[in-house]
Amino acid sequence: MYTGYELLWLFLVYSFLGWVLETAAAAVKQKRFVNRGVINGPFCIIYGVTAVLMCIGLHEVTGVWLFLGSVIYSASLEWIAGHLIEKYYHERWWDYSKYPLNLDGYICAPMALLWGVLGFICIRWGNVFLIGIYGLVPEFLCKILIWALLAGLFLDALASYMLITGKSGRLDRWEEADSRFANVAARLGKWISGQIEKRIHSAYQAIEQLEWEEAHGTFAEGCGFYKVVLLFFVGAFLGDITETLFCRITTGVWMSRSSVVWGPFSIVWGLAIALVTAMLYKYRNRSDRFLFFAGTFLGGAYEYFCSVFTEMMFGTVFWDYSEIPFNLGGRINLLYCFFWGFAALVWFKGCYPFISSHIEKLPVLFGKIFTWALILFMCCNITVSCMALLRYGQRQEAMAASDGWQVWMDERFDDARMERIYPNAIMVE
């Protein structure tokens, strides 16, 4: 288990090492130095994000499970990054179309196996070495260094994105201004934008301009922000109902399966539906076998990560499959992984077309207001639920209420109510 600062340290180090790896590979291929970072600084953020997610989700597993987990997490992140770049930059920055067993040219079997090997090495040995280095530096200096690097990285990424996408300001207006400073700033901004764009295009030889079409007149057409958010709420509700009925059939009792204190919503299911729709939307018409296996692998990796994350955040185990055959640490099991696969198949072939068509029938203005109202409600719901779980854990340790929020939680979410909402929750150290 890692502290927050240790994870930030690993994120920065692996982002830098990823930049070194990408730049060195490009230099060997093109016979000259090429900066492979998306931003100006020496960081490839996708490497840092992937490393941190694997550190959280795979720190308990070893051997072949660690390798397979690294393959799934790294390939998923690379696939997501490729499509995000396509969506926001309207370009393709790498292409594996010539490699065997590729998906959209963004991931392929040979590269996924390579990332699996690198992930295995990093989790198995690399983290121990890097955390050892972190421990040699005084804690105060480490925190200052980490926050300084994060601030610089954030500003660099924001500036690069705004310049490349033309959102840095109205440069034409600056040029028309009488102020000499405005003219200098406009020219400097154009020069920086041009340099960044040239560097990115020279670094990625496989860039191809993609056609970009925007939908007009229909609310949440395609698979945009509003569609995904509303599908999250639909999935959270349907997931809670499904699990409640499943528990009734298998155990003979009605049992709450909600993730939050207000309403029948399963956050795990809601996020799963939103993520699988966003990731597999382009493949919704593919074969049943493809959707089943994609749902099986992605669902298993997702459920394992959620189990680890919630235990780290709340000190609570919300499900335990230790008594079910073919389980991994009690967090996932083969049967339920297959269930994720069937769920993905049923969702895309049966539920999604019906639900999507009804969402798109909403009036545009009403749909937007309704969506943001639901977002506000769920943010409050999750915040109160986190506070209630935190206070529930404190009461298990006989910690008296000393602050106002603790008293408020004790009055409205006592042990009896929390046990009704979370009947399977097990507090752990």
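The basis for the numbers below is simple: all heavy atoms, side chains too, and nothing from hydrogens, waters or symmetry mates.
- Side-chain contact between L8 and L149 is absent, with no heavy atoms from C-beta onward closer than 4.5 Å.
- With sequence neighbours excluded, the residues forming a ring-ring contact (aromatic ring centres under 6.0 Å, His included) with Y134 are W9, listed by chain and number.
- Shown here are the side-chain contact (heavy atoms from CB on, under 4.5 Å) partners of F354, two or more places apart in sequence or in another chain: H358.
- Applying the salt bridge (charged side-chain N to carboxylate O under 4.0 Å, His left out) rule to E139 yields the partners K143; only residues at least two apart in sequence or on another chain are considered.
- Residues satisfying the ring-ring contact (aromatic ring centres under 6.0 Å, His included) criterion with F377, sequence neighbours excluded, are absent altogether.
- More than 12 heavy-atom neighbours from other residues, nucleotides or ligands sit within 6.0 angstrom of CD on E411.
- Using a 4.5 Å heavy-atom cutoff, the side chains of T244 and M255 are not in contact.
- The side-chain contact (heavy atoms from CB on, under 4.5 Å) test applied to I382 returns V260, I267, M378, C386, not counting sequence neighbours.
- Listed by chain and number, the residues in a salt bridge (charged side-chain N to carboxylate O under 4.0 Å, His left out) with K282 are D104 (sequence neighbours excluded).
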**Q.** Check against ring-ring contact (aromatic ring centres under 6.0 Å, His included), W269 and W340
**A.** CA-CA 10 Å; W269 273 94; W340 284 109; 5.1 Å; yes

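- With sequence neighbours excluded, no residue satisfies ring-ring contact (aromatic ring centres under 6.0 Å, His included) with Y281.
- Under the 30°/60° scheme for interplanar angles, the aromatic rings of W115 and Y47 are found to stand perpendicular.
- A search for side-chain contact (heavy atoms from CB on, under 4.5 Å) contacts involving L77 returns V49, T50, L53, not counting sequence neighbours.
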Q. Step by step, would you call Y96 with Y106 a ring-ring contact (aromatic ring centres under 6.0 Å, His included)?
A. CA-CA 6 Å; Y96 300 142; Y106 286 124; 8.5 Å; no

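- Take W254 and apply the ring-ring contact (aromatic ring centres under 6.0 Å, His included) test, not counting sequence neighbours, and it matches no residue.
- Taking the salt bridge (charged side-chain N to carboxylate O under 4.0 Å, His left out) definition, one finds that E243 meets it with R257, sequence neighbours left out.
- Applying the side-chain contact (heavy atoms from CB on, under 4.5 Å) rule to W372 yields the partners F225, Y226, I375; only residues at least two apart in sequence or on another chain are considered.
- Under the rule for a side chain to side chain donor-acceptor pair (under 3.5 Å), N381 has no partner lying at least two apart in sequence or in another chain.
- Between F370 and F366, the ring-plane angle classifies as parallel under the 30° and 60° cut-offs.
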